[in-house]
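Data block below; observations after.
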Amino acid sequence: MPEIIDWPCDLGVRDTDFFLKWTTRSAGRSLAGHEQIVGVNAAVWEVSLTFARTFDGDRLRRFEALVARMRGRQNVAALCVCDPYRYGPRVAPQQWPHDDGTWFSDGTGYADGPTGAMQPLLASAPAAVGATSVSVGLTNPVRPNLRIGDMFSRSGFLYRTVGVAGNVVQFEPPLRRAIAVDDSLTTNPPKFFGRFATDDEGRRVRENLKWGAQVTVNFVEAFDR
């Protein structure tokens, strides 16, 4: 079994690119001469992390140690999805009821803004492997739902919200692992489990930094973990 390597969120990532790559194939041309494209219902996340050119000595050493622990494509990285617009405390701050356990008349509570805590987003109904929607609890206290484009994760698998209807969230790709009632959808930040795209990721970092070049490492979604 591969080792899960936790990559800290404070390594100085400047840009993050998350791309859900769908696989299609050609079914040949129709009688009218148009190519027929067929989906095979297979999608894989491809992730690139680009680090700031101003790597300091501490971050550089930590980064090189992480690359060594990955052992090429053998082990799996647990990465933070760095999104400044994520569904977090600014969207849904932690709320508290009155001393008697009741809420305000609109169903909300006292917002706990100073601590930076977030109100958990929990599944209110089970969802099976392959599902593309899940129901979430938005009451006790009342809080906003995920927005179109928001990303969340569950068990290290990443999903992007593509539709919202009431308390039902539609997402892609199809669910990798089943979700049970009261399972938490991780959004602050979502976590993505991926392998290096090649065994050479993280090579010549010091040389690149010396000449002011960008340092980018690429990952692909890890399934067998």
Side-chain angles (χ1 to χ4, degrees), residues 1-7 9 11 13-30 34-51 63 66-67 70-87 127-134 146-164 168-179 185-205 208 213-225:
M1 292 294 292
E3 181 182 358
I4 306 296
I5 309 298
D6 189 33
W7 284 52
C9 300
L11 271 180
V13 175
R14 192 196 69 188
D15 295 309
T16 306
D17 178 56
F18 291 84
F19 179 66
L20 182 60
K21 183 176 180 178
W22 284 90
T23 299
T24 60
R25 62 181 178 84
S26 174
R29 295 189 176 274
S30 66
H34 302 296
E35 186 177 17
Q36 302 174 93
I37 303 299
V38 178
V40 296
N41 202 31
V44 176
W45 284 101
E46 296 181 345
V47 176
S48 296
L49 303 184
T50 300
F51 295 88
F63 175 81
L66 287 168
V67 171
M70 290 292 290
R71 298 186 177 183
R73 293 178 294 172
Q74 177 178 332
N75 290 322
V76 174
L79 305 173
C80 299
V81 177
C82 299
D83 178 9
Y85 309 111
R86 66 184 177 275
Y87 184 97
V129 172
T132 55
S133 66
V134 63
L146 288 168
R147 304 156 299 181
I148 292 177
D150 278 336
M151 289 189 284
F152 67 91
S153 64
R154 179 67 194 168
S155 302
F157 289 107
L158 185 64
Y159 306 94
R160 178 177 278 119
T161 303
V162 297
V164 178
V168 177
V169 174
Q170 297 173 313
F171 55 83
E172 293 287 357
L175 197 61
R176 310 302 200 192
R177 289 186 182 174
I179 291 177
L185 306 185
T186 304
T187 64
N188 188 46
K191 298 288 283 189
F192 170 78
F193 285 18
R195 281 189 165 85
F196 276 156
T198 70
D199 289 329
D200 288 334
E201 301 297 332
R203 190 173 184 176
R204 294 192 295 273
V205 171
N208 289 337
Q214 291 186 157
V215 174
T216 300
V217 286
N218 304 292
F219 300 83
V220 294
E221 187 173 4
F223 295 92
D224 53 332
R225 49 183 171 85

Within this structure, what is the CZ-CG distance for the pair R73 and D199, rounded to the nearest 0.5 Å? 4.5 Å

What's the spacing between T187 OG1 and R154 CZ if we round to 0.5 Å? 12.5 Å

Could you check whether atom OH of Y85 has more than 12 heavy atoms from other residues, nucleotides or ligands sitting under 6.0 Å from it? no

Is the count of non-hydrogen atoms from other residues, nucleotides or ligands lying under 6.0 Å from R71 atom CZ greater than 12? no

G130 and P174 have their tightest heavy-atom pair at O-CB, 3.6 Å

Report the distance from atom CZ of F157 to atom CZ of F223, rounding to the nearest 0.5 Å. 6.5 Å

Under the rule for ring-ring contact (aromatic ring centres under 6.0 Å, His included), what residues qualify as partners of F171, not counting sequence neighbours? F152, Y159

Any pair with a residue in residues 213-222 that passes side-chain hydrogen bond (donor to acceptor under 3.5 Å, both in side chains), sequence neighbours left out, goes on the list, sorted by first then second residue, please. R14-Q214, S48-N218, T50-T216, R176-E221, E201-N218

Would you find a donor on one side and an acceptor on the other, under 3.5 Å apart, between the side chain of T161 and the backbone of D150? yes

Is there a side-chain contact (heavy atoms from CB on, under 4.5 Å) between R160 and E172? Walk through the geometry before answering. CA-CA 6 Å; R160 178 177 278 119; E172 293 287 357; 5.8 Å; no

Please find the pair of heavy atoms, one from P189 and one from C9, that lie closest to each other, and give the distance. CG-SG, 4.3 Å

Check the pair V205, F51 against side-chain contact (heavy atoms from CB on, under 4.5 Å), reporting the backbone distance first and the verdict last. CA-CA 10 Å; V205 171; F51 295 88; over 6 Å; no

Sequence neighbours excluded, which residues qualify as side chain to side chain donor-acceptor pair (under 3.5 Å) partners of T132? none

Minimum heavy-atom distance G202-V67, with the two atoms named: CA-CG2, 4.2 Å

For A78 against I4, the heavy-atom pair lying closest together: CB-CG2, 4.1 Å

Checking F196 now: which residues fulfil ring-ring contact (aromatic ring centres under 6.0 Å, His included) with it, not counting sequence neighbours? F219

Restricting to non-hydrogen atoms, name the atom on L175 and the atom on A127 that form the minimum distance, rounded to 0.1 Å. CD2-O, 3.5 Å

Is the backbone of A222 close enough, under 3.5 Å, to the side chain of R195 for a donor and an acceptor to pair up by distance? no

Of L11, T16, D17, D15, which is the lone residue that meets side-chain contact (heavy atoms from CB on, under 4.5 Å) with L49? T16

For C82, enumerate each residue passing the disulfide (SG to SG under 2.5 Å) test, keeping only those at least two apart in sequence or located in another chain. none

Exercise: identify the closest heavy-atom pair between A178 and V129: N-CG2, 3.5 Å

Spacing of L158 atom CG and K191 atom NZ [to the nearest 0.5 Å]: 12.0 Å

Classify the ring geometry of W45 against F18: parallel below 30°, tilted from 30° to 60°, perpendicular beyond 60°. perpendicular

Please enumerate all residues that pass side chain to side chain donor-acceptor pair (under 3.5 Å) together with D200, with sequence neighbours excluded. none

